[in-house]
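Below is one structure, written out as structure tokens, with a few remarks after it.
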Amino acid sequence: MERFIIYTDGACLGNPGPGGWAAVILGPERREITGFEPATTNNRMELTAAPEGLRALSAGAEVHLHTDSQYVRNGMHEWLARWKRNGWRTADKKPVKNED
């Protein structure tokens, strides 16, 4: 099984404003992937970096993903299962932001 470490980050100039994301993938080789959106938010760029980093790998790889975003971390570890169970609604019945 291949093993990888992924470091991700996203940023925005203004919020909303132009933004970008990046993922550095460390494994047998080092890879860097990046992207840009002309009008976005910081959270959307943080949320884009993680799945794009994972998408760049083959299925079945062992991955350690690092993010500096509490929004991404809490979304994966605490909120995601509840959002799915609640039909993509928050605890106060509002639509989840950045559902896509």
Side-chain angles (χ1 to χ4, degrees):
M1 175 184 303
E2 288 188 294
R3 293 184 173 135
F4 296 90
I5 299 172
I6 301 176
Y7 294 93
T8 65
D9 203 5
C12 200
L13 183 60
N15 204 17
W21 60 269
V24 176
I25 303 166
L26 305 176
E29 298 176 5
R30 176 190 167 112
R31 287 188 283 165
E32 297 176 9
I33 58 174
T34 63
F36 171 84
E37 294 288 331
T40 189
T41 64
N42 186 73
N43 280 345
R44 288 188 67 79
M45 293 294 90
E46 293 281 6
L47 285 169
T48 300
E52 289 298 330
L54 294 169
R55 209 173 273 126
L57 303 177
S58 299
E62 180 180 319
V63 178
H64 293 269
L65 188 130
H66 297 267
T67 178
D68 65 348
S69 169
Q70 289 300 310
Y71 189 63
V72 171
R73 185 191 177 290
N74 291 340
M76 289 190 298
H77 290 286
E78 297 176 25
W79 305 330
L80 186 60
R82 191 172 345 136
W83 287 338
K84 285 181 174 181
R85 192 172 51 248
N86 293 340
W88 294 99
R89 299 273 176 189
T90 63
D92 59 354
K93 308 295 184 209
K94 294 181 182 174
V96 169
K97 292 181 182 178
N98 302 308
E99 177 185 344
D100 60 327

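Starting from 1, each residue takes its place in the sequence as its number.
The NZ atom of Lys97 sits 11.0 Å away from the CH2 atom of Trp83 when rounded to the nearest 0.5 Å. Between atom CZ of residue Arg3 and atom CD of residue Glu62 there is a gap of 4.5 Å, rounded to the nearest 0.5 Å.
The side-chain contact (heavy atoms from CB on, under 4.5 Å) check on Asn74 picks up Gln70, Glu78, Trp79, with sequence neighbours excluded. Under the ring pair (Phe, Tyr, Trp, His ring centres under 6.0 Å) criterion, Phe4 pairs with no residue, sequence neighbours left out. Remark: Glu2 pairs with no residue by the side chain to side chain donor-acceptor pair (under 3.5 Å) rule, at least two apart or across chains. A search for side chain to side chain donor-acceptor pair (under 3.5 Å) contacts involving Arg82 returns nothing, not counting sequence neighbours.
Residues Trp21 and Leu13 do not share a hydrophobic cluster, defined by chaining ILVMFWY side chains whose heavy atoms lie under 4.5 Å apart.
Between the side chain of Thr8 and the main chain of His66, a donor-acceptor pair closer than 3.5 Å is present.
Taking Ile, Leu, Val, Met, Phe, Trp and Tyr as members and joining any whose side-chain heavy atoms lie under 4.5 Å apart, directly or through other members, the hydrophobic cluster of Ile5 also contains Tyr7, Val24, Leu26.
Considering all non-hydrogen atoms of both residues, Ala23 and Ile6 come closest at CB-CG2, 4.1 Å. Listed here is the closest heavy atom pair of Thr67 and Ser69: OG1-N, 3.0 Å. Taking every heavy atom of both residues into account, Asn42 and Asn15 meet most closely at N-OD1, 2.9 Å.
Between the side chains of Thr41 and Asn43, no donor N or O sits under 3.5 Å from an acceptor N or O.
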Exercise answer: donor-acceptor pairs, residues 45-60 side-chain atoms, under 3.5 Å, sequence neighbours excluded:
unit_1: Glu46; atom_1: OE1; unit_2: Gly10; atom_2: N; d: 3.3
unit_1: Thr48; atom_1: OG1; unit_2: Arg44; atom_2: O; d: 2.7
unit_1: Glu52; atom_1: OE2; unit_2: Arg55; atom_2: NH1; d: 2.5

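When side chains are defined from C-beta on, Thr40 does not count as touching Pro18, because their heavy atoms never get closer than 4.5 Å.
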